[in-house]
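Protein chains get the first letters and strands the later ones, always in sequence-line order, with residue 1 at the start of each.
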Amino acid sequence: MPRVRQFLVALAALTIATVAWTTDLAAQETTGTVRGRVADEMLMTGLGDATISVAGQTAFSAAQGFFVVEDVPVGVHTLTANILGYREFETEVTVTAGQTTEVTVLMRIAPLQLDPLVAVGYGELERTTNTGVVTEVPEEVFNTGRVVAAEQLIQGKVAGVQVTEANGGEPGGGVSVRIRGGTSINASNEPLYVVDGVPLEVGGGLSAGGNPLNFINPDDITSFTVLKDASATAIYGSRGANGVVLIETMGGRARADRPTLFTYRGNISGSQIYETPDILNYRQFRDVVANQAPEKLDIIGNANNNWYDRVTRTGYGQDHSLSVTGGGEKMDFRVSVGYLNQEGTVERTGFERASFNLGYNQFLFDDRLKLQATFLGSRTEDEFTGGRVLGSATNMAPSQPVFDAGNEFGGYFEWDDPLGTNNPVGELNLVTDMGVTYRGVGNATGEYFIPGIEGLSATGRFGFISTNSERKFFAPSFSKFQTENGAFGTVWRNNPSEFSWLGDAFLTYARNWTNNALNLTGGYSYQQWQFDNPYLEAQQLSSDLLGTEGIPASDFQRVTLNVEENKLASWFGRANYTFLDRYTLTASIRADESSRFGEDNRWGYFPSFAGAWRISEESFMDGDTFSDLRLRASWGKNGNQAFPNYQQYKTYVFGENTAQSQFGDGFVPTIRPSAVDPNIKWEETSSWNIGLDFGFNNNRYWGSIEYYDKTTEDLIFDVIVAGGTNLSNVVTTNVGEMKNKGFELTLNAGFVQAPPEGFSWDANFNFAYNDNELIKINPFAGGSERILAGEAISGGVGSFIQVLEPGQDVNSFFVYEHILGPDGLPIYADTNEDGSINEQDLYVDRNGDGTINQDDRAAYKSPAPDWIMGHTSLMRWGSFDLSFTLLANIGNYVYNNVASSTGFYDQLRDAEAPNNLHTSTLETGFQTPQYFSDYYVENAGFLRMQNIELGYTFGNWLNGVRVYGVVQNAFTITGYSGVDPTASTNGIDNNRYPRTRTFVGGLSVTF
Amino acid sequence: MTTRIRNLMALCGAIAVLGGVAACDVTTEPKSTVTDANIFNDAQSYEALLAKLYAGLSVTGQQGPSGNSDFQRLDEGFSHYGRQLWQLQELPTDEAVIAWNDAGLPELSTQGWASSNQFVQMMYSRIFYQVSLANEFLRESTPEKLTERGQESLIPEVQQFRAEARFLRALSYWHGIDLFGDIPLVDESFPLGSTPPEQSTRQEIYNFVVNELNEIRTDLPPSGAGEYGRADQGAASMLLAKLYMNSGVYIGSDAYASALPEIENVIAGYQLEPDFWTNFRADNGISREIVFAVPQDGDNTQTWGGTTFLVHAGVGGDMPASDWGIDGGWWGLRTTPEFVNLFPGGAETTDGRVEFWTEGHSLEVNSITDFFSGYPVPKYTNLNSAGAQGSHPTFPDTDYPMFRLADAYLMYAEVVARGGGGSLPQAVGYVNALRERAYGGPGQNIGPDDLTLDFILDERARELYWEGHRRTDLIRFGVFTGGERLWSWKGNVQSGQSTPDHLDLYPIPASEILANPNLIQNPGY
């Protein structure tokens, strides 16, 4: 819903009210005065801080937009007005001697305009002297509609940034972000998030919900800044290898003379599933049972049930926020409260958030001391999909009824056979699984401009993150899966909490001389975290009446407590020097001392060097073709320390009562030593970047091209230990190497720049290509290294479908090549005529040893896209605005695990409870599962209309009223046969939460 | 970085941080686990670590039945020591087939495994996990270390612990050379985290194990006198007997004569139970016949492997699970028609050691993956001798009888038949003791002329099926591979076909070859 706000400060409707009057004061003078008001053309709200220039005279507008330019020479002049975030305004004014000319300046928002300042780590730099690859996404460009997770605001907006929902359309579900491809296998691939200067634990930190960043109300965010190359990220050292995302909240930016305004924004939404797995309907199911497993005909029912319909619904949502801003000459503030409630499209799932955001800025001591405080706090509640509801909805025979009144499973139909699929409706209604997270992130920052030395300031910051969460689960004793797994009623509760505090102290020296400019930053940072995780569980409950809220007498209890701590102490520095406004050199370094590093590797050093040449300022340029042309190059190192604590210690883990050894008649609890590499350290990524910034036509068209090459060494991996040399089958250590290289192209265009009230069209296009390759994963190079990787698939036990193999993409699929028949379908016949159909008949003997076994599997395609493309269009016409976002991936593949785990006729026979089949079975005729066939690895490239929005603004009511409607996920074009081509970053589509199409209607009012 | 600079940084850091909080030392020790620096200050830790060594055979991690696995990246339930040992010993033989399609599992039934087979990898990892744990125990429990820690009074008790640790290491090394042939010999002198060890020969490890067992013998309780679940001299003798019986396979020269005194030592310490099934019920802890058991308990020793697997996987289809004291079958294990036909009368046999479930099943294994194809022959049950269910319907109380007196009887007979000494009447008497128990009388007893090697191989199947001995036996008799003896699906055809003899050894796992470049793969892989 940030879109609402964007239009309150934006959009256009122009009226000119020129009142000219003459005075008696006569006219010997040679100069006149121009005065007037600067306002947003659509909302008519006054705009402060605009620069007004006319005939060499300059003035600034005050809080309500009023300005006066004096001593303007007589004549006809061009008046220009400029303000950040708006297009330049031009008009002709006629100045008469001794007279005052009134002008109304109505400005139209310029969503894709270049910001002259860019946020970087520990400060900001002028765009023309910044050498790193830094992309800012201001609120005007954010994705619109019903947005639960902050990351979704920038999906499709930044070249090389892939934002993927981990679990389809689950409200509040996890979101993963990859900046220029992943750099790690075992450690995190998520970027470092820095909220108002406070770095969160990599990936976002702790939550009992689906996504740690859900604690932020997207309405409170004013901008994202994505740091991509080493010149930008090296100052974050051992946490910067996967890129850094700086999030600035609304309250975090001081705005002089902020008017007192209340803003309400609200919307309601409805979400519908638009794709479900291709499984047989009742008629088809009965037919295949009759043909393939007639002996089962008398045990199946005739209920004609669509299980997906039984567990899903239209999910309604509402989202409201109210903010107030205000301030005076020396201070300003913003306070907001928000409430969001989103039902899931799967019954009994949903997300709820109540949030609070405070920002306060104050100038003291002749403006020498700038104080800033921000706080974000929220309570989020996630209701999760109980058990394996979606998998059961796919598998459960459509012939069976939902209810079987009076039976032992609470009246829900269940098969007698414990191997039978459980009733998804029963599981949904009986199981409770929810999480509540309270989280607060705050910081207080003081910046003091030291008297006597121009340009020198000292900054101190104290920040904290406090999270308390609670996940609770209950399944009654009579639910089918509880009787099957021997638990007979389970209640558990888990209360992870996190507290982190941060201290930063740094000096900044920024000074411009005629031909030189220098920006120096250096300081110290310390951050520490403590995690507490108590857990309690009881099984075999004597009563089901207490639900999640109590523990009755029980035959089995488990109580665990895990407390961990980690610390990071760092020095950092950056020097940025520009000569003749053209030649810039930057160097930065970070030294990190982390509690996660082994004793001999306690300190990590992360340098970077970069240079830029602003060609457009050179005298040999004509100055007309390019409004900006700048060549950049950078090199630097980053680390990744997002791996578990205490890896360097050999610890002894106490065994539980359920895993004891029997000695005589008694039982003895055990202790287990851990496998350890005492010298474990960060993963190290070295990267090159070469980039070109360009702008034409006074930056009406601008963009950049980047080429990068990243090599990650000392990859952390669970390496198989040579037998007998360590205390597990694997040890976590630094081995391996991978590469990512690629290029990015970003284009921004103000295609149509209309006069006031006319049509305007701004657009962003971004393209990114990334090539990932694993170089090494084994400490002893040589031989065909193939290590099974990824997550186990559904179907069989311990079945891995992905591989790590040098020369291939990380997590390439690892499959047999299925021989195709003349019809293009995978064959299923006894081709070797040995009397049975098995893998010998179906797959290609890749290694030519005459037999087909697991050695004939090979790496084939990977889940990572080659190309990621995004497009945003923003259009305005009078009081109307229209915008849309397109997203496309090319070259990403998905393993269709829904098809592979249900696509064979043995599904009907393997138990006294036939399962439903995937419709592909009708084509392939598979009797037995072919989990490792390349048939199930599908091209999942897609083009998706992420959102399309139409709005109308009533500029004359209050301070602006806007109504709008949005359709999210309007359509997807893909060749993928499963439910969702963006299954998740791991590329395994296994009964994910269905993606939804969402319709949103909203209103925003400022008064 | 020099210390001086580091100190300077620390100093600066202390000054720089807001509020003057000194925050330069980032060292944090684990809080909820104990490090090796102080775990052994607790005298209980020695027994607890020894218990972990035994638990390495019975469970898969620190939480039962699963959830805190000893291993990473392998399915925890599958990674159970006994479960994999059982699968590798039984599935490629005539005694068992399994219906599941888990990656690499059907290949075990057809002798079609590759070096990347996950089950082969799990077994290898389990063997060396036991070796590493035992070595760690031996390093941490030396009299010198105990003295250093002021625990001199523990030395006598720990002396027996150390002998048991060495027994368990020897047991795993036996499994290692039996399954894999030449493997590294790593003892407690080998530091953790060191460079990969060299490959030793089967002979070197054989010698090491024999030597170890002879050395520890006197530190173990006498045969039959050990605490249940722990090794005594009987267990050590049984293991020695196993090595000697198979020494022709392991080192190329027979040692049947050496086996004889060890077998006699076992026989002296244990008694045949009157009821064959006493050894396989939920209360089989009462059996005086079991020489070395891997105990399980429905409440205290839970796992998805071991007898949990053996009881559940052997039940499915129309078989009422409650007849085996469990809450449901897993539709997995059956046997081949060739095994059924080892019994006179086939499935209708009056031999009381076997109960085929034939209803709804075909005798022939027309499809490995179809549970109704082939007769289930469940041997283990979670019902006790009174017919009551064990303490938990999912996790049986049934212990896995790794070594049993009946095996010693049959080994005695085999030694006599092979001319390794002993008395023929005694041998016939031992065999007939088993057969009288099987048939409930002497009607099917054999005479001295019947005691041929072929008879012994078949009798071993009839008595010891599904106890994890079959592959070793077939190899000792030279018929595991090749075309002399065929059974369903041997060589991946239903009628069975000859297989190459390199399959007598499993491949060293491909992952291990990567981890240890010193290793040379077994021939044929």
Next item on the list: Would you indicate whether the side-chain heavy atoms of B/Trp331 and A/Glu912 approach each other to under 4.5 Å?
Entry: yes
Check: What part of A/Asn853 is in contact with chain B, defined as an atom under 4.5 angstrom from a non-hydrogen atom: side chain, backbone, both or neither?
Finding: both
Item checked: Donor on one side chain, acceptor on other, B/Arg126 and A/Asn729, under 3.5 Å -> no
Item checked: Max heavy-atom pair count under 4.5 Å with chain A, selected residue of B/Ser116, B/Gly229, B/Gly67, B/Pro106 -> B/Ser116
Item checked: Test item: side-chain donor near acceptor, B/Thr27 and A/Arg602, under 3.5 Å -> yes
Item checked: Which atoms of A/Asp856 approach chain B - backbone, side chain, both or neither, heavy atom under 4.5 Å -> neither
Next item on the list: Identify which part of A/Tyr652 has an atom lying under 4.5 Å from any heavy atom of chain B, answering side chain, backbone, both or neither.
Entry: both
Next item on the list: Give, as side chain, backbone, both or neither, the part of A/Phe488 having an atom under 4.5 angstrom from any heavy atom of chain B.
Entry: side chain
Margin query: Is B/Phe119 close to chain A through its backbone or its side chain, or both, or neither, when contacts mean heavy atoms under 4.5 Å?
Written below: neither
Note to self: Which one wins on heavy-atom pair count under 4.5 Å against chain B: A/Asn562, A/Asn485, A/Asp834?
What the structure shows: A/Asn562
Check: Of all of A/Gly523, A/Gly655, A/Ser570, which one pairs up most often with chain B through heavy atoms under 4.5 Å apart?
Finding: A/Gly655
Next item on the list: Show your working on side-chain contact (heavy atoms from CB on, under 4.5 Å) between A/Ile671 and B/Ser45 and close with a plain yes or no.
Entry: CA-CA 7 Å; A/Ile671 54 172; B/Ser45 295; 3.9 Å; yes
Notebook entry, point to check: What residue in B/Thr394, B/Thr33, B/Asn300, B/Asp297 has the most heavy-atom pairs under 4.5 Å with chain A?
Noted result: B/Asn300
Notebook entry, point to check: For B/Ser32, is it the side chain, the backbone, both, or neither that has a heavy atom closer than 4.5 Å to a heavy atom of chain A?
Noted result: both
Next item on the list: Please state whether the side chain, the backbone, both or neither of A/Thr725 comes within less than 4.5 Å of a heavy atom of chain B.
Entry: both
Notebook entry, point to check: Is A/Leu788 close to B/Gln118 at the side-chain level, that is, under 4.5 Å between some pair of heavy atoms?
Noted result: no
Notebook entry, point to check: Between B/Glu136 and A/Lys650, is there a side-chain N and carboxylate O pair less than 4.0 Å apart?
Noted result: yes
Note to self: Run the side-chain contact (heavy atoms from CB on, under 4.5 Å) test on A/Leu727 and B/Leu192 for me, step by step, so that the C-alpha distance in whole Å, both residues' side-chain angles and the decisive distance to 0.1 Å come before the verdict.
What the structure shows: CA-CA 8 Å; A/Leu727 290 163; B/Leu192 278 181; 3.6 Å; yes
Checklist line | 4.5 Å side-chain heavy-atom contact, B/Asp299 and A/Phe556 | finding: no
Notebook entry, point to check: Which atoms of B/Thr195 come close to chain A, meaning under 4.5 Å heavy atom to heavy atom: side chain ones, backbone ones, both, or neither?
Noted result: backbone
Note to self: Quick check on A/Ser594 against chain B: is it the side chain, the backbone, both or neither that has a heavy atom closer than 4.5 Å?
What the structure shows: backbone
Next item on the list: Sort B/Ser69 into side chain, backbone, both or neither according to what part of it lies under 4.5 angstrom from a heavy atom of chain A.
Entry: backbone
Next item on the list: Of all the heavy-atom pairs spanning B/Val26 and A/Ser595, show the shortest one and how long it is.
Entry: O-CB, 2.9 Å
Margin query: Is A/Gln840 in contact with chain B via its backbone, its side chain, both, or neither, using a 4.5 Å heavy-atom distance?
Written below: side chain
Note to self: Please find the pair of heavy atoms, one from A/Gln660 and one from B/Thr301, that lie closest to each other, and give the distance.
What the structure shows: O-OG1, 2.9 Å
Notebook entry, point to check: So do B/Asn101 and A/Tyr931 actually touch side chain to side chain, heavy atoms under 4.5 Å?
Noted result: yes
Checklist line | Heavy-atom check, side chain of B/Asn68 versus side chain of A/Arg672, under 4.5 Å | finding: yes
Next item on the list: Grab the two heavy atoms, one from B/Pro30 and one from A/Thr651, that are nearest each other, plus how far apart they are.
Entry: CG-CG2, 3.8 Å
Check: Which one, A/Pro929, A/Gly795, A/Ser799, leads in non-hydrogen pairs under 4.5 Å with chain B?
Finding: A/Pro929
Item checked: A/Arg909 versus chain B, the contacting section by heavy-atom distance below 4.5 Å -> backbone
Check: Mind checking whether A/Ser661 and B/Val59 have side chains closer than 4.5 Å, heavy atoms only?
Finding: no
Notebook entry, point to check: Would you say the side chains of A/Thr670 and B/Gln62 form a donor-acceptor pair under 3.5 Å?
Noted result: yes
Next item on the list: Flag the pair A/Ser728 / B/Asp70 as yes when at least one side-chain heavy-atom distance between them is below 4.5 Å, and no otherwise.
Entry: no
Item checked: Smallest separation among heavy atoms of A/Gln854 and B/Gly104, with atom names -> NE2-CA, 3.0 Å
Check: With a 4.5 angstrom heavy-atom cut-off, which part of A/Asp906 approaches chain B: side chain, backbone, both or neither?
Finding: side chain
Check: Given the options B/Arg73, B/Gln44, B/Gln130, B/Gln494, which has more heavy-atom pairs under 4.5 Å with chain A than any of the others?
Finding: B/Arg73
Checklist line | B/Gln121 side chain reached by A/Ile720 side chain, heavy atoms, under 4.5 Å | finding: yes
Check: With only heavy atoms counted, which part of A/Ala675 is less than 4.5 Å from chain B, the side chain, the backbone, both or neither?
Finding: neither
Item checked: Best-contacting candidate, B/Asp36, B/Thr35, B/Leu50, against chain A by heavy atom pairs under 4.5 angstrom -> B/Asp36
Notebook entry, point to check: What is the minimum heavy-atom distance between B/Gly61 and A/Ala659, and which atoms define it?
Noted result: O-CB, 3.4 Å
Item checked: CA sep, side-chain torsions, deciding dist, call: B/Glu227, A/Gln662, side-chain contact (heavy atoms from CB on, under 4.5 Å) -> CA-CA 9 Å; B/Glu227 235 184 342; A/Gln662 185 175 353; over 6 Å; no
Check: What part of A/Thr732 gets closer than 4.5 Å to chain B, counting heavy atoms only: side chain, backbone, both or neither?
Finding: neither
Checklist line | Interface residue of largest heavy-atom contact number with chain B, from A/Glu295, A/Arg558, A/Glu484, under 4.5 Å | finding: A/Arg558
Next item on the list: Apply side-chain contact (heavy atoms from CB on, under 4.5 Å) to the pair A/Glu565 and B/Glu29, showing each step before the final yes or no.
Entry: CA-CA 8 Å; A/Glu565 195 177 51; B/Glu29 293 267 341; over 6 Å; no
Margin query: Centroid separation under 6.0 Å, is that true for the rings of A/Phe663 and B/Tyr54?
Written below: yes
Item checked: Interchain contact, B/Phe371 with chain A, by part (heavy-atom threshold 4.5 Å) -> neither
Next item on the list: Looking only at non-hydrogen atoms, find the nearest pair between A/Phe654 and B/Val34 and report the distance.
Entry: CE1-CG2, 3.5 Å
Note to self: Looking at chain A, which one of B/Thr60, B/Asp75, B/Ile39, B/Ile127 has the largest number of heavy-atom pairs inside 4.5 Å, strictly under?
What the structure shows: B/Ile39
Next item on the list: Select, from B/Pro191, B/Pro393, B/Ala55, B/Ser132, the one with the greatest count of heavy-atom pairs under 4.5 Å involving chain A.
Entry: B/Ser132
Note to self: Using a 4.5 angstrom heavy-atom cutoff, name the option from A/Asn726, A/Val668, A/Val563 with the most pairs to chain B.
What the structure shows: A/Val563
